[in-house]
Every structure is written in C-alpha cells, then in structure tokens.
K.L.:
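Here it is, the structure, as structure tokens.
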Amino acid sequence: MSSVGKQSTAPGAVKNMVEITIDGNIVTAEEGSSLFNAVKWTGVELPAMCYHYSFSPFGSCGLCLVEVEGKKNNVRACTAKVIEGMVVRTGTDEMVEARKGAVEKHLTTHPLDCPVCDKDGQCELQDMAYDLEVYDIKEAKRKEIPEDTRSIVLDFNMERCILCGQCINVCKEVQLVDALCFYKKDKQKHVGAHGGETLYCEFCGDCLAVCPVGAIVSKFSKYTFKPWQLKKTETTCSFCSDGCTITLETSDRDIQVVTSELSYTSKFGYEVEPGEGHGGICVRGRFGFDYVMSKDRLSKPLSRENGSLQPTAWFTALMQIGKQLNDIKTTYGPQAIAGLVSGRCTNESVYLFQRLMRSVLKTNNIDTAARYGHMNSVHAMQTALKIGKATITYEQLALSDAIFMVGSNLTETNPIAALRPKASMTEYGGQLFVADTSKTNILNLATHPLQIALDSETDLIQALVKVVIEKDLADPDFIEKYPKAYENMKSAAAALSQTALSEKTALEWGKIEETAEALANSKRGVLLWGEGIVSKPDAYENVLRLIDLALLCGLFRKEGAGVLPVCEENNEQGAVDMGGVPEFLPGQIDFLSQSDRERFSSTWHAALPEPGQETSGFTLPEIIEAAHRGEIKALYLVGENPLGTLPAEMKVREALEKVDLIICQDPFLTETGEMADYVLPAAVFAENEGTYTNMAGAVNRVSEAFDPRGEARPDWKIFTDLSKHLGHPIQYRSVEEIHDEIAKMVPGYYQADPPKPQPEAYLDAQFISHISGRYAATKPPQDAETEIHLSMEQVLYHSGKLTTRDKGLMKIYNKSVLLMSEADAETLGGLITGDPVHIQSELGQLEVKIEVSPNLPKGLVQFPIHFNDPPVKDLLKVEVDPLTKVIYFKKGVVTLERPASVDLRVLPMETPPETIQQEAQETPSEEDTEVS
Amino acid sequence: MNKLFHSAFFTEILKALRMVFGHYFVKEVTLQYPHEKNTLPDTHRGALCLLRYESGEERCVGCDLCNAACPSYCITVVSAVEENDHVVRRFATSFDIDMTKCVFCGFCVEACPVNALGMTKMYEYSTSNKRDLVFDKAKLYEIGEKWHGQAKGYLIAHNQEGEDETVSEYRYRFPSSRKQEEEQKEEVEAQVDG
Amino acid sequence: MAVETPHTTEEKKTLPLLRTEELLLNLGPQHPSTHGVLKVILTLEGEKVVKSEPILGFLHRGVEKIAETVTYNQFIPHTDRLDYVCAMYNNFAYVRAVEKILNISVPERAEYLRTIVAEVQRIIGHLFWLGTQALDIGAMTVFFFTFRDREVLLDLFEELCGARLTTSWYRVGGVERDFTQKFIDDLSRFIESFHTKIEEYDTLLVNNRIWLARTKDIAVISGEDAVAYGLSGSVLRGSGVDYDLRKVSPYGAYDKVEWSVPLGTKGDTYDRYWVRMEELKESTKIIRQCLAQLPEGEYKAYLPQVVAPPKERVFTDMESMIYQFKLYTDGFKVPEGDVYCGTEAHKGELGFYIVSQGGGKPYRLKIRAPSFIHMGAFDFMAKGYMIADVITIFGTYDIVMGECDR
C-alpha cells in the first residue's frame, strides 16, 4: 500500500532527497513524497479537509491547491508528488479564490444543521468557511437525503457529508477492515456499508473520529451535547491491556463521548514518529462508557442484617469490618484472612491493598486476576530472564520486520495493539506470521497465516526451535555465552521427528521453515503470545519454549526485537508488579528476599508476614481450597468476582459459604457480592486517580473526570479508612503520595524503557537439565476425529464481565451463542444459525443456540467468555498448574447433540439468515435490561 | 455696594426659591409606582421567555448557543434525541435560566439560530424564595405564551425578525430517517400484501 | 506632634498637660457619601487633614480576569458594570480598543451614532455628578432637578437599546441597533430645551454662597501637578490643561463638528464644576450638529469574520449560520499583538489595554480607569483641608467605585 501522506518508511530505508522551490524558497524534500508535507515543512498552512496523516492522501476536498510551474491547472498538493526542480507557489490570490470556491461548493449543498449537529463547534467545514471568509454564496440547494439510522451504532447523515472519504480511508488503510465505501442511491453519492446494506462492523468508531463534519454520528450520544459544554479529561482506558489514552468528555457526572487523539483536529500529525500509533481507540473504549453511569451502580455500603443486605453508613460498615477482621486475626491467626484484587484496579490501589494485607493484617494470602493465565508468562520469564514483562514497546512492535504471533486473537482481545502488526505489514514492509487454530481476523490478514491443528501450539514451537537449530540459524552470541544450554537444546531437538511435528501441527514443513528462518534472520523480530498459550495446560513450559526460540533467534540481543506476552485485563501486569500475588513484593521482588523484606517493613513500619513452612502465601486456587477446608475465615474481594468467573467445578459457592466474613468491594453488586457480608461501593476508572500498566509495561495515567456516584469511594480511600479501624492507620493524603512511595520503593518503575533481560538461568545446571524435557514429543491427541473442543473466547465488543453491564456494548453485541464450524454443524444434521444444540460434558449439560462460522476448524466450538447465561463455563473441567498455580478453564472436551425436540418452525425463504440472527439476539437483551 | 446688598438680602437664595416654588405649577414627572407605571418601549430587555412556532411546536432545538453566548453562563441546556413522525429531532429536555445570574444583555436572543428566545417587558417577579428565580423550561414557555406579543415586539425591535412574518420560510428542518422510511415502506408493502 | 498650648507656666504646673495627638479616622466604606464602598484612613490634626490613605478594592470583582475567560463580544456586558452610571462610555472605550487591535473601521453612520450617544452619556454623567456633588455638600434640590432630566435621557437609552444603565449597545464593528425616528425626535426636543435646564441648575448653584464657600479654593491642584498625577478629563481641564482626547486624537465624529474645550484657571473644585457645566453645553452643541449631519448608511460594518450576520440571513444561508455559530462560540479571532486605546469618557481618559495571543479571547486585558488614577491624587489634594472638604474632594473626581476597583 502506498503511503505518501505518512512520513513512514521502514527504519533505515534510504530517502532520495531532492530540491524544490516553494514560494521562492529552496527546500529539500523526499522524492516521491507528498508535496503537501513539503509545503507544510516550510511553515505554510495549507488548508485541507480530506487529508489525514494516518492514511494516504485522497485528494477529494480540493482545498490544498497550489500553483506548479508548467502545469495549466491548479494542483492538489496532497496527491502531487515531489519531483526534482518543481516550482510551487501557494499563496497567490487565484489560489485563495480557488480554495474559497472549493469550500463554497460544499456549503451550497450543506443543510442548515448547525443548531442540531453534534459536530458543531468542532466542525472543519465551519472552520474552513470562517477562516477562508467564504460569504455571500449565491445559490444553495439542499440534497434532501434521509438520514440512515439503520445501524445500531452509527447514523449516516449524507446531507452533511462532504464526501472527503476520510472515514473510508481510515477503515481501509489503518484498520484494514474496509467496512465502508461510497455507493450510489437515488443518483446521490452515499457513504456506508458495501452495497448500501446496514452497517455492522468492528465499530471502532475511527470513521466517527475523523469525520470533519457531522455526517457520521454516534447513536449513543446523538444530540446530547455540544463541545463547549464538555469537560475533557485525559485518562487511560479501563478495558483491555492495551492501555490506550482516551479523553472522557463529560458534563456534570455523565460521560457524553469518549474521544482520542485521532480526530480531524490532529490530522496534520505528519510529525508523528515512525511507529507511533494512529491515536484511535476501539469499540469498547469509544462506546463502552455507559456502565459508569449505570443505575445498577452501588451507591451505599451494604451490610448483611438478618440475612439480607441492607444499606448502612460508611463509618459503621468500616468499623464493623475492622472489628471483625481484628477478631478473626486474633482468634484464628492471620493465615485465616485472604484477599483477592482485580486486574482492573490501579497500581496504587493494588499497592495499597497488598500493603494493608501484609503490614496490617499480616497475611500473604493475596492474589489477582493474573492467576487466570498471565502468571505463567511472568513466572516463566522471571525464571529464564529475570524480568516479568514485555521487553518491547508498541512502537518497536510496529516497526518490527518479522512478528510471530501464537495463541493470540489480537484483533479481538487487543484491537489497538493489533494495529501495530497491521502497520508493520502495510507501512513498514514487515512479515506477520500468525499461528492459530481458527481463521481469526489477524490470521486472515497476515502475510503468512499458519492455521494449525487443535492443541498443537507446543509442537509448532518445538518445530520452530528444531528448524532454527538444525539450519544453524541460532544466534552465535547465545551459542557462545550458553554453550551447554544450546547443546542440550540441540540434542533434544534432534530427537524430535520432523514428520510427526508436521503432521501434528497440520502444517507443511516448508511453512515452518519459512517462519523460523524469517524470525532468525530478522533484524527486529518480535514474538507475541496470548491466552491461547498461557491459559491452557503446559503453559509455563510453552512460554519457556518461546523464550528459547527468542533466545535462539537473538531477539533479546537485537535492538527493537523482543517478546510481548499479552494479558487480558487492563492492569494485570501492574497488579503483578505491585505485589498483588503472594510470590512477589512490589517490583516483582521475591517475597522471600530478606533484604527487600527489611526495606519494605521499615517503610511500612510493620513486620511482614513470615513465610510458612510449605508456602509463602495462598494463591487463588489455594485460597478456594483452604476455604473448603474451613481455614479461611475472612475474604476481602476487591473488584473480584470468583463466583461469576470460575467454573462450577471449583465449588466456589460452597467454599464461600464456609467463610465467616466476606467483604466485597465493587462498583456493582456481583454474584459474589450477593453472598458477601459487606459490600463496599467502589469508584470506577473515571472517578479514580492513579496509573495502569499496560501489557508492554508502560505506565499510563488515570485521571478523575468527576466525583464518584452516590457514596462510592475510590479504593485507596477505603483502604486508608479501613486501616484506621484496624488499629494501624496507613496515612496518605492523596494518590500522589502513594505514587511517590511506589516510585521510591520500586525504582525505575515509571520509566518508559523496557527492562533488559538477563538469561543467566541458562548457566544454571539445574535449569539446563530441564531443557531436554521441554523438547520431548507431545502425546498424540485422542479421538481427534470425533472429539469436540469447547473454547471460551474473548469477543471484540466486550472485556471481561464488566462490559456486560454496559448498555451500549450489549446493544452492539449480545450473542451468547456457540460458534460452530460448518463441518460440525453438518455432522449434527445440518444445523443452521439460530438452532439450539445440546452441549454436554462430564459435569453437566445445557442447551445453547449456535451460530455457524466459516472461520472455525472442525472439532472446535467457541463460546464468549463474557456471558454466564447459559452458564457454559460450568461445563469446563478445571486444572491447576502445579508450578504456577494458574487455573486453566479455557478449554474442555464436550459432546454436542441435536436437541431431541426439533423445532419445526418454517422459515420464510426470502428472509436472509442475518435477520433471524438479529431477532434472536434482541429478545434476550431486552429481558436483560429489564432485569437489571 | 451691590454685592453687599446681595449678600445681605440673600438674593441668590430667593431667586432659587422662586424658581423652585415655580415648579409647583409645572406638571409633575414623578410616577407613583406601583400605582402608576412607566410605559416601556418594545426594546425593553426584561425577563426571558421561550417561544413556539405558530403550529405549537417548540422552536428550541437545544443547540446551547445561547449558553455559549451568555456572558454570565446562566443558561443550562440539556438536549436529547426524540423520534416521532419518521423524523429524528433534537430537543431540549431541560432549559434553565438562572435569573439571579442573568445580566439581561440579550446576547442569547441575538445568538439563537431559531429565534426561540425572546425578552418580555416583565420585570415584576420578585420572590421570597431564591429558587423560584431559576426559570425552567415550563416556566419559560409559560411566560412566552403569556407575553408572546411583547417577545415578538422585542425581536422585531432588535432586528431579530422581520415584521412581515417571513418566519415560515425557514430553510431549517430535521432530515427524515431512512430506517423509518424503510419501515414505512415495509408497512405499506405488508398492507398491500395483506 | 507637640502643639504649643496657651497656658502659662504656672498653670502648667497645676493643670495636667493636655494630650494632643493625631486622630486616625476611618471614613467609609459604608459612608453614604463615599459613592460606593470607598474607605479612607484620614490622619487628622484637629479638623485638618494631615494625611489620607484611600483603601480600595471593596468592590473588586476581577473584571480584568473575567475578560480572559470570555470572548471579546461577551465582555461587552461586563464593561457595563465598570462605571455603572455611564455604561455607554465603557462600551465605547472597549469596542474602540478591540477595533484598534483588529484594525477595522466602522461605517460613517455608526461613527455619528456612537458620537451622539456618547455625548448623551456625557450629559447623563455630568448631571449625575452635579446632583450627587451638590447633595454631598448639602444642596438637595439640585439632585432632584438633575435626576429629573437624567431620567428623560435614560428613557431614551431604554428606547434605543432596551436598558437604562446596562446598555451594551456598542458592538465591535458598529452598534447594536439603529436610531429610530422617535429617538431622534425625542432627543432633538430634549437638546433644544436643555439650555433652560442648565439655567435652572445655575440659578440654584452658581451664586449660592454656600456652594461657593464649599467649592472655591478647595482641593486646588496646579496644571503641572495634575499632569504629574496622571489626572485626566474635567479634573485636568479644571486646572487649565488643554487636553481632551476628542481633540487630541479625534475619533467618532468629533472632528466633523464644531465645539470647544472649556478650561478652568485655578484648578479648584469650583473650576471643575464650571468646566463640567460648560461641557454640558458643548455636548448639546455636538449632539445638535451630529443629528443634523447624520448620514445614511449601515450601522454595522460588513465584516463577516467579526460582526455577526443579520438574523434573517442566519435562517436561510449556510454561511451565515456558520458565522453565527463561530462568532458566538469561539468569537472572532484577534491577531497577535497588544494595543492601548484611550477614550475621553466624562470622568477622564478611560483606556483599555488588550494583549492578544491570537484566538477568540484576550490573553490579558487591563483597564485604565480614571477613577482609580484620580484616587492616586487624593492624598495630595486633600492635604491641609478640613475634614468636611474630604467629601467634596471625592465628589469633585466624580468617582465611581465600580470602575475604580473593577
């Protein structure tokens, strides 16, 4: 894809600079680049409405006109290319008149919508008309096009459209989605979905952001605001681990719109450094703000009186909690107290929570949501590399020349981070290798799609290691430094059979070789893995294998190369870094490290809990187990909802029933909250101050947009208040002070540079002896032909369980349906989308509607992890990793059956299947809203 | 000598007294408010009101330009979307003017792109409760109905509106919605089929 | 300060020594004759003023700071509240400053309209001053007479723009509303009969011995001192300094009509009174000539980027609608730079200093308020006079605290 508009060539590419004359000044510019940029650099402000730095110039608005000597007609600077010796004039009177004419053309057909238009006040057409002093237009003719309000998110008002095409270009060139196009209807040019159909796309809303007029309008905030009414707060998105910077535009305590850097006003960002993102946000960030204002939010603390939860005062609740916790501590000992903290809390909250638990309650039984998978990455990387986070930044990901992505459906889980590999392909000529079992979005886009057989990730990595070693592509630096480790790997890899690996992965050996060669020869190669690796058994070993692969390819040595483990929740990485797990003190310091324990205990003015004989503290599965045994008497849940998250096999309900005191601190009343003795209303991200750490390890600021709703309080305030009632006041006056303490205790945490890996473990004889075990051949799958695998997958439109409380996102996606391959649907007797199916495992059975998807392989069904109705997750067997204690409940084996009573309704022939789909999804959504 | 005479007999004071007492025979200029009231010109900037079209439809579309123009930021407009008759409209769900803050400059009226606001000659609305001085939408429309003539007079006097009711020629109207249009079409088709 | 007492030495022995010392007297801020909320700490020696220290700021509202948060147009109603008895002058001075930084001119008719209204405002201001000054000194009747005539003019203002005091009639690029025939007729009638009113005031005051006693040789300031203290307006001209901005750097239609600048000789309170009375007559002269010369034409400049479009066009033109929204939300863009523009208000030189960094709002706005500057000379002018004269001296400046404290 050409991109003259963007100053974006792969690093190190040679630019051919030529001299041109602009307004009498001689300027050097890159040959073939956009003349518009060359003019911009001279300091001349050329007006433009269709130009945007994030995609190639389009040349539709006709405003950036310049005079070029030797050309009869005026030249559009954006699409014109720099040629040696050009003589350009920008400011002549004719040019000014011509530009005025271009604006006039748009104004003649524009409706007088300013009073109602949502874009008024930040409208580029207004700005242009005013700045160019376009006045006294003779003729005017209204287009008379009805507004297209069919889509569930975006309204298209073609009367206002100036047909600049920015929406179409950003969709096509940045998002690589290509959902929009120009089409003709009733002799008028329209913008919309292909063929004039109803738009249903990723709804990233980038088209909305770049629209210079009010032609594309969000349904969620239509006609509800004017820009001058809104207060803008720059903060960090609270959904996935991308950590995008968003701007909350609020009036009073309502979020009206969420915007980001990407907009028509920042269109001249040609200064953007190569690799810097385009500044957009995804569907969740842009449209998932309604839950903040939800009426379901808790407004008062609740305490259990006579069996039911009753509103109470903060002071009473905290005093009683303090008293009861102290009682439990003295009666049963600190080991009887445990705490869980969500991966959505800020770093400061997690830090303060673990300080409260460790220094005041003297217990080390704390855990966080990273235990659902990300701890595998952290543990494996800590063991092998002495760091527990990504070694590259997003910029380096975008500039990478070879990305190997495995077990990650990045476009769905982390849509904005996914733009980086996309950009690496389209902008910087990188190669993208995506290994996945199903045909995911990113796999389809990849330069090298590698669709592998079910559960063959291990084999693929082994095969890649084998190729790198056998082809002598390994990093000589690694061989030199760690010869023993290399020898072990070599001998182990030699034992693996090429044909067996090729068969198991269902990939041609040539493709594997190609991948391995590209990675090994890359200059800035990146390895990226996600929940498909870390949330499945053998994850710890798989991550170690990936690290081996990275080491063999020299990814930790080369500048700009590295690994990026993807985690799910926005601050999972931060929660681990802040010591929200029993293994680590803040800064991922070993809990048993004596010198650091002293450092922390002297700062906290309290002794830390002594490590027990067997364990230094209970992890999440151990807490549940201990609760079963009746050892846990008090459980403090901060934003965690184990009852809603964990499958039935964990018997969480039974475990929680044995706990005497459950404190649930959450913005909403969750399933667990209903069982709790005290429910404390917490503030959401828009009401909080603090920081989030994204998956690349960058720390982003979270700012308070308004005061919490009702009597809700930010976490840090609850913790400090509670500590007073516990008799050990922890005093902070603001989040800033906690922040400063973290900066002091965890030096360098807020610095942007990724840490340097130290693979010294590869010198350790014991560690090396493990290596051979890592490259043993995997067991062949049983009954591969008939077995059906159920996998819980994340959906683009949702993040965790939180967004199911968001009206907007539920309106966009509320399909609690089982995705099924065409082959499987055929095997079950020709099921079609919307049909119910019986799904059964050893643990139970239930009925669920299906949707046939062409992207799934045979033998795999998927269900969105976000929905608990029907409770498909309860069919899954739980496995706990013996080493990292991660709970695996992502995948399981099920059997599918056609339900006994076949629905005999007759479907009208002409109705397309989509219509049925919509009907099917609309009914439950209405029920949901009524119930909530 | 003359000076002495004047100073001895207070002539200048007597002259002044004569002039002052002469005013007993001049028509008095004082108005005995509240029994007598001044006639106010049409231009008078009194209490604000909201106006309707002749069809009874609310003029205000909730664009908040009045608030943007207000030097004392005393207007609060909350707008929302309303869908009826196959047209998606913008309208003000609430429109409050804090009369305790209002400086009666008339900028809001000048700014209003649909002439929904007008000023009346109403100036007697003192109250013992300060909260009553926040005029809400209902109250503003009530004033607008009661003093419609005054508000119109104000708009004409301040060149906001032509005297020859050209108001019906407004080019502005809400676009119809395509969803609605198609639904309508479907309905018609269904009826035909039926 | 030791003051010699007339007692003999013998008496000194028997009688205790009379303790004499300076008396500190707080005058105001609630004193009715301080024209608002002015406080003066007087140091008295008997009844003699030794030192006086005006304490300002009781009416401070941060107007200059407010200016930084509102658009140039939105600030016009805020200027009404500076010198709240003569809002038109504040409007005039402000829009002149903005027009100067924008480097725009207004139509000729608008210049005449502005001049006429400014002079009407001058008459109102002087009448107000005369009434209150006389009232302060003890002559109550004058107050009734001047306010009777001021009412007529205020009614005219209401007829013109809808408000009597908070007028906001001047706009950048012109004025808000043209004169109606009724306004012109009423104004002409008033102007024709105004000399009889002036005669009435003169009857009451000009030979009145109390008035003369209270004003002659009170608060004398020489021309040099007046200049040195930065005094302006009638206070400066009362000392015989021929400085009137309307003549020195003419604006409006002042250079197109015949009029003269009355000058005092001694620089005492009476001279300032006399200058103001003469200015009333000059103002009627100016108004009469302006009304006679009033040209036809537009009362607002045709400057789409500055002056909001006419309302009828907003309803029908896209571009007018856009300009309406741009002008009322962002305001017109003012080029980078700074400007000072002084206007001869009836109190003195009212100046606006505007710093613009481009954009729709001033970066900084400073008001040179004559009342404030005049208060600087208060100590100098009150020194040595009786405490009763202090009130006269307030009055002679024609001080309005709204402008002084801002």
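To find a chain, count down the sequence lines: A is the first, B the second, and so on, and within it residues start at 1.
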K.L.:
What residues of residues 292-305 of chain C make heavy-atom contacts with chain A at a cutoff under 4.5 angstrom?
P.N.:
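Those residues of residues 292-305 of chain C which have a heavy atom under 4.5 Å from chain A are C:Tyr302, C:Pro304, C:Gln305.
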
K.L.:
Can you name the salt bridge (Lys or Arg N to Asp or Glu O under 4.0 Å) partners of C:Glu319, sequence neighbours left out?
P.N.:
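For C:Glu319 the salt bridge (Lys or Arg N to Asp or Glu O under 4.0 Å) partners, ignoring immediate neighbours, are C:Arg313.
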
K.L.:
Out of curiosity, C:Ile322 CD1 to A:Leu107 CG, how far, rounded to the nearest 0.5 Å?
P.N.:
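Reported value, rounded in 0.5 Å steps: 4.5 Å.
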
K.L.:
Going by heavy atoms in the side chains, are A:Cys114 and C:Gln324 under 4.5 Å from each other?
P.N.:
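In short, these two side chains do not touch, never coming nearer than 4.5 Å.
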
K.L.:
Taking everything shown except A:Phe706 itself, do over 12 heavy atoms lie less than 6.0 Å from its CZ?
P.N.:
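It does: A:Phe706 CZ has more than 12 such atoms within range.
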
K.L.:
Restricting to side-chain contact (heavy atoms from CB on, under 4.5 Å), what partner residues turn up for A:Lys222, sequence neighbours left out?
P.N.:
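For A:Lys222 the side-chain contact (heavy atoms from CB on, under 4.5 Å) partners, ignoring immediate neighbours, are A:Asp118, A:Glu147, A:Thr149, A:Asp155, A:Val217, B:Val81, B:Val88.
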
K.L.:
Just how far is it from atom CE of C:Met318 to atom CG of A:Asp113, taken to the nearest 0.5 Å?
P.N.:
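Between atom CE of C:Met318 and atom CG of A:Asp113 there are 7.5 Å.
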
K.L.:
Check the pair C:Thr329, A:Lys226 against side chain to side chain contact (heavy atoms under 4.5 Å, CB included), reporting the backbone distance first and the verdict last.
P.N.:
CA-CA 10 Å; C:Thr329 55; A:Lys226 288 275 171 175; over 6 Å; no

K.L.:
For C:Phe372, I'd like to know if atom CZ has over 12 heavy atoms of other residues, nucleotides or ligands within 6.0 Å.
P.N.:
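Counting neighbours around CZ of C:Phe372, 12 or fewer heavy atoms of other residues, nucleotides or ligands fall under 6.0 Å, so no.
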
K.L.:
Side chains of A:Tyr135 and C:Ser320: does their closest heavy-atom pair fall under 4.5 Å?
P.N.:
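With C-beta onward as the side chain, the pair touches.
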
K.L.:
Indicate the ring-plane relationship of A:Tyr130 and C:Tyr323, choosing parallel, tilted or perpendicular according to the 30° and 60° boundaries.
P.N.:
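If you compare the ring of A:Tyr130 with that of C:Tyr323, the planes turn out tilted.
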
K.L.:
Quick check: are there more than 12 heavy atoms from other residues, nucleotides or ligands sitting under 6.0 Å from CG of A:Asp93?
P.N.:
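Open: at most 12 neighbouring heavy atoms sit under 6.0 Å from CG of A:Asp93.
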
K.L.:
The criterion is salt bridge (Lys or Arg N to Asp or Glu O under 4.0 Å); which residues satisfy it with C:Arg61, sequence neighbours excluded?
P.N.:
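Not a single residue meets the salt bridge (Lys or Arg N to Asp or Glu O under 4.0 Å) criterion with C:Arg61.
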
